[in-house]
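First listed ligand is number 1; within each ligand, the first listed atom is number 1.
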Amino acid sequence: MTFSIHGLAVARGIAIGRAVLVASSRVDVAHYFITPEQVSSEIRRVAQARDAVVKEVRALQQSMSKDAPAEIAAVLEVHIMLLEDELLAEGIKHWIGERLYNAEWALTSQLEVVARQFDEMEDPYLRERKADLEQVVERVLRHMKGLPSTLPTNKAAKPGSARQQDLLLEDQVDVPLVLVAHDLSPADMIQFKQSVFAGFVTDVGGKTSHTAIVARSLDIPAVVGARSASQWVRQDDWVIIDGDQGVMIVDPSAIILAEYEFKRRQADVERERLTRLRHTPAMSLDGQKVELLANIELPEDSNQALAVGAVGVGLFRSEFLFMGHDGKLPNEEEQYNAYLAAVHGMKGLPVTIRTVDIGADKPLDRSQKEDHYLNPALGLRAIRWSLADPEMFLTQLRAILRASAHGQVHLLIPMLAHFKEIRQTLSLLEQAKRDLDNRGQAYGPLKLGAMIEIPAAALSMPLFLKYFDFVSIGTNDLIQYTLAIDRADESVAHLYDPLHPAVLRLIADAIEACNRAGKGVSVCGEMAGDPSLTKLLLGLGLRSFSMHPTQILSVKQEILRADISKLSDWAHRVMDAEEPAKVIDAH
Ligand code: PEP
Ligand code: MG
């Protein structure tokens, strides 16, 4: 039966494919296709890991003293039964043999199928066995990764057995796959850069949550904040993701499918048309030049930035180098190499490296998220996090300084609000230079920029203009903090409004202050990449935009069609209106 689930549109386009349900805790499992020749070795790999875990559990059983609680012995027995269950083994063989999934992916796919069956059981005891199943699968996965296994901690009472069912699904190898998960962290998303997924849907997340931002950079259709999508969709269902409307259609009828196939082809044609603008200079109808820069997460994104004609990197979110390494920070050499790769990748064009912005919805790893999720957006993040750990910050500053010896590097500091933060940052930068002088290591001249992301900063422009060479307006956070809306929380997403007059006033005044002082100003939040806002920002005096490479050509198209000399009065009327969105729509 066809049904649709509504969420928030975050990355445009249409994806049509089979659903792959992934529990967020297992997202860092690799997903790739194997060759038919690898099928038997992959099946063997899972079987060996499973046998090893069975052996471990048996050893544990035997080592237990006679007076250990009977419940523990029962739990271990359940785990062995689940591990040896035919349903699990047969399903895994199916995913590997018929779909050519790698071993870990096959294991987690089958876990989702079996777990769903447990959910549907009427007997509460059997339903609860799902947790045991998840634990044993986790152990097998850890084994395959070469990590130490963990002991079972479940408090189960009696052993039970899973119901056998025929789970084998219609076999097709080359259909696109769409990922459906409750939640994905930004670090998980980064893993999808080379993945096989054609689109994704999550239950949680706001439009400018960092997960959504990374999705946009991947240029695959995505919907977030779809509430309970991961509970309604089943493994392998056919789904359509409409990333423009923020809708997922499950089990579409033939007519709906045909309609979306048509839309998808049209979008491809439009995309193809836009690529012709790649080498066209970004100049308005009245001859004003506009700078279009790229936001990147990893050094290799510079390829994509160059491919769409970006004239530099306006925001390298360096925190992505720090995430997903189980909390271990990259050392100076590793960071230096990454920054250098971005500098070389941009072939002489400027690269703006932002110091680490960890915290809020960008935890270093999952444990940090759990410990730290009290009030993350207002907590220890970005420059606050860096200043709280001067050694870590100095390491990053030295790495960036060293990279600046090899090209045009700009240093950008996130989330400043207080003079004392500016003072401490400048003093640590001087210290980092002294460290390099003492070591005899070179560094180049480097422009220093501040992000304007907190209303307090936007209202203190003279201070920022005194100490910094340029500013970059981070509208994602500026909106969050001006309107008191957690950008990652889908329940208040309807109030997250880039066109709120107060937000526009802060942006306009910051741009004007910089233009008056002759200092560079750019917008690097999601507003910069939204073509429906390009003319407004031009009218407010902005001439430098930084966005995902995937958005550059659409924004350029808007610039090529704009007569900037006529936009200023209109933009100020928009800003002064009670409902700016209506004035924009009427334009
Ligand atoms: C912003 O806040 O607008 C910004 C660009 O930084 P981030 O999205 O990484 O917080
Ligand atoms: Mg920000």
Side-chain angles (χ1 to χ4, degrees), residues 10-11 185-187 189-190 205-218 224 292-298 301 312-323 352-364 376-386 410-417 421 449-458 464 470-489 493 496-500 503-504 506-507 510-511 521-530 533 537 542 544-549 551-552 555:
V10 294
S185 73
M189 286 302 304
I190 278 290
K207 253 187 158 169
T208 56
S209 62
H210 286 94
T211 301
I213 286 176
V214 181
R216 229 164 274 138
S217 81
L218 299 183
V224 300
L292 295 183
L293 302 162
N295 290 356
I296 66 171
E297 278 102 34
L298 294 172
D301 296 342
V313 168
L315 174 65
F316 178 175
R317 287 184 162 99
S318 69
E319 54 274 14
F320 285 90
L321 302 174
F322 288 64
M323 287 180 210
T352 308
I353 304 172
R354 180 176 72 181
T355 58
V356 65
D357 183 356
I358 287 292
D361 67 334
K362 286 187 288 194
L364 257 188
L378 301 179
L380 191 68
R381 65 170 283 207
I383 189 63
R384 303 166 180 185
W385 197 77
S386 296
H410 304 163
L411 175 64
L412 184 59
I413 311 293
M415 264 194 80
L416 289 163
E421 291 169 332
M451 287 196 72
I452 302 297
E453 314 191 78
I454 300 182
F464 284 85
F470 69 98
V471 305
S472 189
I473 305 175
T475 49
N476 306 335
D477 280 316
L478 189 59
I479 298 166
Q480 157 164 271
Y481 297 125
T482 304
L483 301 180
I485 301 300
D486 185 335
R487 59 195 268 196
D489 183 349
Y496 187 94
D497 182 10
L499 292 175
H500 189 290
V503 171
L504 293 180
L506 289 172
I507 295 172
I511 295 171
V521 53
S522 183
V523 168
C524 63
E526 295 302 290
M527 281 179 81
D530 182 345
L533 301 177
L537 291 171
L542 190 73
S544 173
F545 296 64
S546 192
M547 67 202 81
H548 304 290
Q551 298 165 321
I552 284 187
V555 169

Which atoms of ligand 1 have any heavy atom of Arg487 under 4.0 Å away?
2 (O), 7 (P), 8 (O), 10 (O)
Part of Thr208 within contact of ligand 1 (heavy atoms, under 4.0 Å):
neither
At under 4.0 Å between heavy atoms, what of Met415 touches ligand 1? The answer is neither
Any side-chain heavy-atom pair from Met415 and Tyr481 closer than 4.5 angstrom?
yes
Any donor-acceptor pair under 3.5 Å linking the side chain of Thr355 with the backbone of Ile413?
no
Please confirm whether Met451 approaches ligand 1 to less than 4.0 Å, judged on its heavy atoms.
yes
Dump the intermediate steps for side chain to side chain donor-acceptor pair (under 3.5 Å) on Glu297 and Ser217, then the final yes or no.
CA-CA 9 Å; Glu297 278 102 34; Ser217 81; 2.9 Å; yes
I'd like to check Phe545 versus Leu533 (side-chain heavy atoms, cut-off strictly below 4.5 Å). Are they in contact?
no
Top protein contact for atom 6 (O) of ligand 1, by heavy-atom distance:
Arg354 NH1, 2.9 Å
Looking only at heavy atoms, is any part of Asp357 under 4.0 Å from ligand 1, and if so is it the side chain, the backbone, or both, or is it neither?
side chain
Please identify which atoms of ligand 1 are closer than 4.0 Å to at least one heavy atom of Arg317.
4 (C), 5 (C), 6 (O), 7 (P), 8 (O), 9 (O)
Just by modelled atom types, is the Asp357 backbone N or O under 3.5 Å from a matching donor or acceptor in the Glu319 side chain?
yes
Atoms of ligand 1 under 4.0 Å from any heavy atom of Leu315, numbered from 1 in the order shown, are 5 (C)
Side-chain donor or acceptor of Arg354 paired with backbone N/O of Gly314 under 3.5 Å:
no
Does the Arg487 side chain pair with the main chain of Gly206, one donor and one acceptor, at a distance under 3.5 Å?
no
With heavy-atom distances below 4.0 Å as the criterion, list the atoms of ligand 1 near Ile213.
8 (O)
Contact between Ile296 and Leu315 at the side-chain level, heavy atoms closer than 4.5 Å - yes or no?
no
I want to check something: taking the side chain as every heavy atom from C-beta on, are Thr482 and Leu506 in contact at a cut-off of under 4.5 Å?
yes
Thr475, any N or O under 3.5 Å of ligand 1 N or O
yes
Would you find a donor on one side and an acceptor on the other, under 3.5 Å apart, between the side chain of Glu421 and the backbone of Ala417?
yes
Residue among Asp489, Thr208, Val503 satisfying side-chain contact (heavy atoms from CB on, under 4.5 Å) with Tyr496
Thr208
Close approach, Arg381 and ligand 1, non-hydrogen under 4.0 angstrom
yes
Atoms of ligand 1, numbered as shown, that sit under 4.0 Å from any heavy atom of Gly474:
1 (C), 2 (O), 3 (O)
Mark up the atoms of ligand 1 that fall under 4.0 Å of a heavy atom belonging to Cys524, in ascending order.
5 (C)
If you measure from each heavy atom of Met547 to ligand 1, is any distance below 4.0 Å?
no
Taking the non-hydrogen atoms of His210, is any one of them nearer than 4.0 angstrom to ligand 1?
yes
Would you mind checking if Asp530 and Lys207 are paired as a salt bridge, meaning a charged N to carboxylate O distance below 4.0 Å?
no
Taking the side chain as every heavy atom from C-beta outward, state whether Asp477 and Arg381 have any pair of such atoms under 4.5 Å apart.
yes
Do any protein N, O or S atoms sit under 2.8 Å from the Mg ion (ligand 2), and which ones are they?
Glu453 OE1, Asp477 OD2
